[in-house]
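Note that ligands are numbered from 1 as they come in the structure, with each ligand's atoms numbered from 1 the same way.
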Amino acid sequence: MAGLMDGFGCFTHAVVRGIPQSLAREALRSGSLEVDLLKAQEEHNEYVSVLKHRLELEVIELPADETLPDCVFVEDVAVVCGDTALITRLGAESRRKETEAMKRALIELGLNIVEMADESATLDGGDVLFTGREFFVGLSKRTNQRGAEILADTFKDYAVSTVPVLDRLHLKSFCSMAGPGLIAIDSSEPAQKALKIMQQMSDHKYDKLTVPDDLAANCVYMNLPGKGHVLLHCSPEEYPESAKVFEKLKDHMLIPVSSREKEKVDGSLTCCSVLINKRNKI
Ligand code: GLY
């Protein structure tokens, strides 16, 4: 198992997608705050610019599609691990066509494509937490047991455990990897309970980084040549107390990136990219 952690967080490529104007009014959401489209686009441009210019990843930018208001949230449509990409069957029917452009891009990148064809299965990538050793899959309104089973069949080298997601959209709405063996989690009772379940199901002892704000535990960890541990996390303007927790990670290159507008339509940092490692793997 230990070897499986090698290369955790190493990425060379990212696939992102533009924000359509339709996001403001038509994207799915659990809240009712009005989205400032211009600000959302600026926020997203900043996110893409960090990946491209600051982290020097090769970024493939798929064009926005006005008929797919949620299309910027690319994480949900593909789970990539090593040289295999599982194209998901999204829980929300209105989002299912988002997979088409992603599939073409991942074929172009030379990945092995597995499609979730079973019509009884649903899975959103936002429910998939890969720790480098194993997968945790949130069973939510968007992801079901059959979806988790197909993920387990696709990535047979790794254990796959399921976790109930009761009060949020996705598993990664309240947790994400902040480093090798380090899970960022918010302080709410349901989140802490879910983490306990994950710890009980694993034979690995994960460390936890608890942040006080409910939506602040979603961060993007990478380990990049010449840069080391990199973490995109919430900005101090959005969540000052949670940002302070991330700022204590002295070994990481810390990059605060705001998701304030995208959060109004249940977006987060991990949602907006599919990260791929082509080095020595494909
Ligand atoms: N707006 C993101 C989603 O609900 O899928």
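Ring geometry for H204 versus Y206: interplanar angle over 60°, hence perpendicular rather than tilted (30 to 60°).
Protein residues with any heavy atom under 4.0 Å from ligand 1: L28, D70, F73, R95, R142, L169, V265.
For the ring-ring contact (aromatic ring centres under 6.0 Å, His included) test, residues two or more places apart in sequence or in another chain that qualify with F155 are F135. In terms of the ring-ring contact (aromatic ring centres under 6.0 Å, His included) criterion, H13 has no residue partners (sequence neighbours excluded).
For residues 25-39, every residue pair satisfying the side-chain hydrogen bond (donor to acceptor under 3.5 Å, both in side chains) rule, not counting sequence neighbours, is listed here: S30-D266.
Counting only heavy atoms from C-beta outward, the side chains of L209 and I183 never approach each other to under 4.5 Å.
Contact record, I185 with C175: CD1-CB, 3.7 Å, taken as the closest heavy-atom pair.
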